[in-house]
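Remarks on the structure that follows.
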Amino acid sequence: MCGIIGVVGRTDTLETLLQGLSRLEYRGYDSAGVALSGPGTTWRARAAAGTESVAALRAECVDAPRGFRTGLGHTRWATHGAPEALNAHPHLDCSGSVAIIHNGIIENHAEIREDLVGRGHVFTSVTDSEVLAHLIEEARKAGEDLSEAVRTSLLRVRGAFALAVLDATEPDVIVAARRISPLIVGTAPGVSYLASDVPAILDQAKTFYAVEDDQVVRLGPEGFRALDLEGAPVRLRQLSIDWDLETAEKGGFEDFMAKEIAEQPEALRATLLDRHRRDGAISFDEMGVSDEELRAVKRVVLVAAGTSNHAAQVAKYAIERWARVSVEVDISSEYRYRDPIVEVGTLVIGVSQSGETIDTIQATREAKRRGARVLAVTNIVDSSLAREADAVIYTRAGLEVSVASTKAFVAQVAALELFALRLAQLRATMPERDVEALYRGLQAVGAQVERALSRREEVAEVARALFGARDFFYLGRHVGFPTALEGALKLKELTYLHAEGYPAGELKHGPLALIEPGVVVVAVATDPAMHEKILSNLAEVKARGASVVVVATDDDESIAAVADFVLRVPGTEPLFAPMVDIIPLQLFAYLTARALGRNVDRPRNLAKTVTVE
Ligand code: AGP
């Protein structure tokens, strides 16, 4: 999730860019860069210094040309290629005249790069984005102006982009374009701006516009013109932005948690992008463990803490079901104290949003010491866990600021289930057509999550009705159980109310004694194969006076008989269901916490990353 900014028409262009980039710090990044264009000259500076990159970049700009009126700035959240200066944006074409900045993923970058190298282009980075600079260079050589060159180049591109381009041979012009990754345009008298989101230009532009998918915008000091990818003129939708900077950083939401809950469809789509080749093979460019090694895996052990452990528990069902490999899930802080058995063919997967949870790092270190191969599934490029592992899969959820994890959970489940499908392909445990069908189903989860998110008001009604309850049980069967655990954790850490996640079948083995009027039982009942048993569990608790809330699919007509409240979700493949069913549970915890006046982004006693054992 990179940050981009562009400006055309100011004489203090560099300072405007650097200030805008510093406003994007909350998006998280590992490198930064700027490019300026003036009469016949494109000048560039880049720096890779983690969160100090913008400060380091400023130091690189001491000899920047003065008075240049056109410029681009970029903060990078690496997806392809290590977070080093050579991979930092802006990227240049061979002539050094065209500079591009990009947020997104070019799925067919490998085939485009191969074609361009064959035409003599010299690449200087290992990023997917650099192909855009050389594609545009080819079009400019063919005599197309910058807008046309960008438009025709993008017709060849598959994937997501928020792109901005300058060219010293067309001064006072920036061309920008968007597909999936966010992009806005801003104007002020004599100046035009672009940015990946509002904070970067909030105090500069006076009027704001949204760029929609497959639109190309040509910006100059006098304003902008917009086209669709076919070249037909389009009008940009004007935005009403009356935010202060803090609100802008939250994307207009009341807090980061609301923003991150809303970002889950985008996080899911980003996690799946560019990981399914045209021949149907599932591939992780960055993984770093061979197909042969994966074929030889005899046992998988997942180690994780908190929410990540719940995602790992979901993954256990998927890996065993699809790849027919035995899987264990360990609480990170317990793993190394149980004298774990590690045989040849054991793959240990450390799951961690931050990649800095010391319990999980220590667990994977112990596994490695005992001879296991270690795969990290993490959201932070070059995190400690990623660096120490033999292989890595990034979840691409974008920076998660709120202490309570939401979008990271769905992205982890998606990445782990995609990995499970890869294992199934390599071990030929499923017909290829079934893998393909499941991959298509995984792609559809983003839209199902969007539909679940649209029912926030129904969840709010239940939260209002149950306001004041103090004792909660969350129940589920099969993958509904880790979903229940995650729902209970959200309620605990956000509201400070007591909640326990339990296997629904376990209640009668003791906890049923706690059920009485006033206790709330929340059940996940979206799996048809588990439905009848869950209904009977709920009848037991209802008979003892509990208030019953059920997460049920839209077509479930029998649930109303045992539920006081029903939280409806779209039906999906049962193994994908945790990514959809968790949405009303996240919203329930969030809305209850806000009603209680809790600090939802910074709950008491908790830290975003637990770096102590
Ligand atoms: C989840 O909402 C909590 N913030 C916490 O349980 C978290 O999931 C856990 O500390 C693990 O963090 P990690 O994914 O960064 O390793």
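All ligand and atom numbering here is 1-based and tracks the order in the structure.
- A salt bridge links E263 with K259: the closest approach of a Lys/Arg side-chain nitrogen to an acidic carboxylate oxygen falls below 4.0 angstrom.
- Between V301 and L347 the shortest side-chain heavy-atom distance does not fall below 4.5 Å.
- Aromatic rings of H478 and Y317 (six-membered ring for Trp) have centroids within the 6.0 Å cut-off, being under it.
- Here K490 has side-chain heavy atoms under 4.0 Å from ligand 1, and that is the only part of it that gets that close.
- Residue contacts with ligand 1, taken as heavy atom pairs separated by less than 4.0 Å, do not involve K608 at all.
- The option from I361, N379, T357 that lies nearest to atom 12 (O) of ligand 1, judged by heavy atoms, is T357.
- In the model, Y590 has a side-chain atom that pairs as donor or acceptor with a side-chain atom of D255 under 3.5 Å.
- Contact analysis puts V403 in contact with ligand 1, with a non-hydrogen atom separation below 4.0 angstrom.
- For the side-chain contact (heavy atoms from CB on, under 4.5 Å) with V300, the lone residue among L375, I349, V348 that qualifies is I349.
- With ligand atoms numbered from 1 in the order given, ligand 1 contributes 2 (O) to contacts under 4.0 Å with heavy atoms of A404.
- Numbered from 1 in the order shown, with element, the atoms of ligand 1 that lie under 4.0 Å from a heavy atom of S308 read 8 (O), 13 (P), 14 (O).
- Using a 30° and 60° split on the angle between ring planes, F284 and F419 fall in the tilted class, from 30° to 60°.
- Within ligand 1, counting atoms from 1 as listed, the ones closer than 4.0 Å to a heavy atom of T307 are 1 (C), 2 (O), 6 (O), 8 (O).
- Residue S405 has at least one heavy-atom neighbour below 4.0 Å for each of these atoms of ligand 1: 1 (C), 2 (O).
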